[in-house]
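A short write-up of the structure that comes next.
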Amino acid sequence: MSALDRLRAYLEQEKVDGIFIKGDSSIRYFTGFTGGESLLYVDKERAVIITDSRYTLQVKQQAPECELVEHQHGFWPEAAKLPGSCNLALDGDYFSYTEECALAGALPQATWKNLNLVGLRAVKTDEEMKSIRKAVAISDEAFLQLLPHIRAGRKESDLAAELEYNMRKLGSTKPSFETICASGKRSALPHGVASEKVVEDGDFVTFDFGATYNGYCSDITRTVVIGKAAPWQKEIYDIVLNANLLGEKTLKAGLTGIQVDKAVRDYITGKGYGPNFGHGLGHGVGLDIHEKPVLNRANDQPLPAGAVVTIEPGIYLPDQGGLRIEDTCLVTETGCERLTSVPKELVEL
């Protein structure tokens with residue numbers, strides 16, 4: 001069954017006759033079109049891409065099964081001409097309030113339902129997995145190439161730029177998100193994007209980064225120490241490493257995100273650092289860097305085999321430092337397959 005066929009089956013299940021989709025990743029997933037600033041309409045018979053002259057040739061090449069509508073004055077006048085029914089949906093997470101009002105105004109007779117389509121993309125096909133595996137391999141090798149060049153005296157921003165350059169040389173089209181490089185006390189910032197801070201002896205240095213290949217993302221975090229690790233650094237590193245390994249051991253299809261998160265969170269809490277691990281254990285990865293399913297304290301849905309998720313426990317000590325260890329993993333019926341290959345034992349540089 002094609003992606004469009006599965007979408008149509010989902011619309012029937014949700015009792016809506018058509019949907020307007022604005023999320024670029026979902027448009028790509030369902031049609032193959034990789035451009036931006038477009039609107040997709042799908043019902044049981046039609047799939048229509050509304051775009052402007054910048055993308056018309058690209059639509060014809062990449063999505064020949066879709067009808068093409070070239071707009072001159074915005075999406076909404078053309079959108080108003082499409083539906084033959086009043087029972088409609090939209091992927092509301094990708095519409096601004098202004099855009100949602102404009103669409104409703106263009107179709108005042110319609111009743112609307114907000115549908116989240118990311119769940120339809122959770123189980124990855126063999127072709128998707130080839131792209132994800134390649135993205136992971138690129139980010140792995142890029143970091144291994146960077147390791148000999150991480151030293152005291154270099155700026156975080158320079159290290160992040162070199163890492164991104166390595167990924168581009170290896171075939172990444174772009175970083176999958178803004179590269180994090182946080183050292184010293186800044187390593188206690190879970191999302192401490194690279195700054196002008198100079199790396200110093202004794203610093204934890206946390207790198208969180210990813211590559212993009214054929215539209216698909218990878219996500220990895222590794223933390224190193226400049227010089228010999230202090231006792232407190234070894235202590236929390238060992239805890240986070242064991243938590244990460246416990247996450248791998250626990251993860252399998254059929255468990256909920258809550259259950260996998262809890263196993264790891266309880267371990268860290270038992271070591272006395274529960275308050276220092278505030279974020280969820282992990283998230284789905286695919287065309288978007290953050291997708292469903294998620295591993296956190298709110299997801300009570302069973303994890304499907306074939307989903308790709310991260311396992312990323314961390315401990316963050318304010319005004320002192322912290323670390324995270326993150327791997328990208330494929331969920332299987334019996335467990336998980338770690339896709340990330342970079343060793344995660346403590347590295348002292």
Side-chain angles (χ1 to χ4, degrees), residues 1-125 127-128 215-216 284 286-293 301 304:
M1 181 182 289
S2 71
L4 270 177
D5 287 338
R6 289 194 294 109
L7 174 58
R8 289 181 171 120
Y10 181 60
L11 296 181
E12 185 175 356
Q13 172 189 317
E14 293 294 324
K15 297 181 171 55
V16 295
D17 300 312
I19 186 169
F20 286 96
I21 301 171
K22 199 165 183 296
D24 290 345
S25 295
S26 287
I27 293 175
R28 175 175 184 154
Y29 182 81
F30 292 118
T31 71
F33 171 57
T34 64
E37 298 186 49
S38 302
L39 187 68
L40 171 65
Y41 172 74
V42 178
D43 61 24
K44 63 177 64 177
E45 297 177 349
R46 308 174 71 189
V48 183
I49 296 176
I50 306 173
T51 191
D52 60 46
S53 59
R54 293 172 296 170
Y55 295 111
T56 51
L57 180 58
Q58 191 173 342
V59 170
K60 292 175 183 178
Q61 292 174 339
Q62 295 180 328
E65 76 285 1
C66 294
E67 299 175 42
L68 168 65
V69 173
E70 181 181 335
H71 72 77
Q72 302 294 329
H73 305 291
F75 298 133
W76 320 122
E78 302 300 334
K81 303 173 186 177
L82 295 177
S85 167
C86 296
N87 189 19
L88 301 174
L90 71 162
D91 62 335
D93 289 350
Y94 295 92
F95 281 75
S96 70
Y97 176 74
T98 300
E99 291 169 337
E100 193 168 335
C101 289
L103 181 58
L107 293 158
Q109 76 281 12
T111 58
W112 294 96
K113 187 172 186 177
N114 184 5
L115 296 181
N116 188 314
L117 304 178
V118 179
L120 293 178
R121 294 161 29 197
V123 175
K124 304 303 189 277
T125 66
E127 284 302 309
E128 288 181 287
Y216 285 84
L287 286 169
D288 292 323
I289 192 59
H290 291 101
E291 294 190 351
K292 290 185 177 181
Q301 298 301 305

side-chain contact (heavy atoms from CB on, under 4.5 Å) between L107 and W112, intermediate numbers included: CA-CA 10 Å; L107 293 158; W112 294 96; 3.9 Å; yes
What donor-acceptor contacts under 3.5 angstrom involve side-chain atoms of residues 40-50, with partners at least two apart or in another chain?
unit_1 : atom_1 : unit_2 : atom_2 : d
Y41    : OH     : D43    : OD2    : 3.2
D43    : OD1    : E45    : N      : 2.9
D43    : OD1    : R46    : N      : 2.6
R46    : NE     : E67    : OE2    : 3.0
R46    : NH2    : E67    : OE1    : 2.8

Under 3.5 Å, which donor-acceptor pairs do the side chains of residues 71-79 form with other protein atoms, sequence neighbours left out?
unit_1 : atom_1 : unit_2 : atom_2 : d
H71    : ND1    : G74    : N      : 3.1
E78    : OE1    : K81    : NZ     : 3.4

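In terms of the side chain to side chain donor-acceptor pair (under 3.5 Å) criterion, residue partners of D17 (sequence neighbours excluded) are, by chain and number, S85. Listed by chain and residue number, S96 satisfy the side-chain contact (heavy atoms from CB on, under 4.5 Å) test with T98 (two or more places apart in sequence, or in another chain). The side-chain contact (heavy atoms from CB on, under 4.5 Å) test applied to L68 returns T51, T56, V59, K60, not counting sequence neighbours. For T34, the side chain to side chain donor-acceptor pair (under 3.5 Å) criterion is met by Q58, Q62, not counting sequence neighbours.
In plain terms, the two heavy atoms of G105 and P108 that are nearest each other are O-CD, 3.4 Å. In this structure, P83 and A80 approach most closely via the heavy-atom pair CD-O, 4.1 Å. For the residue pair R121 and S26, the shortest heavy atom distance occurs at NH1-OG, 2.9 Å.
Distance CD1/I289 to OH/Y216: 13.5 Å, rounded to 0.5 Å. To the nearest 0.5 Å, the span separating CG on L7 from OH on Y29 amounts to 10.0 Å. A distance of 12.0 Å separates CZ of R8 from CD1 of I19, quoted to the nearest 0.5 Å. Distance check: L39 CG to L90 CG gives 9.5 Å after rounding to the nearest 0.5 Å.
The closest donor-acceptor contact from the side chain of N114 to the backbone of D91 lies at 3.5 Å or more, if one exists at all. Formation of a donor-acceptor pair under 3.5 Å by the K124 side chain with backbone atoms of A122 is found in this model. No donor-acceptor pair under 3.5 Å is formed between the side chain of E100 and the backbone N or O of Y97.
Residues S2 and F30 are not in side-chain contact: their nearest non-hydrogen atoms beyond the backbone lie 4.5 Å or more apart. Within the 4.5 Å cutoff, the side chain of V16 has no heavy atoms near those of the L88 side chain. Residues Q301 and P293 form no side-chain contact, since every pair of their non-hydrogen atoms from C-beta on lies 4.5 Å or further apart. The closest side-chain heavy-atom distance from D24 to F33 is not below 4.5 Å. Counting heavy atoms from C-beta outward, Y10 and L117 have side chains that approach closer than 4.5 Å. Looking only at side-chain heavy atoms (C-beta outward), S25 and E291 stay at 4.5 Å or farther from each other. Contact check for T31 versus E65: side-chain heavy atoms found under the 4.5 Å cut-off.
Taking a cutoff of 4.0 Å between a charged side-chain nitrogen and a carboxylate oxygen, K22 and E37 do not qualify as a salt bridge.
More than 12 heavy-atom neighbours from other residues, nucleotides or ligands sit within 6.0 angstrom of CD on E70.
Residues N116 and D93 bring a donor and an acceptor atom of their side chains to less than 3.5 Å of each other.
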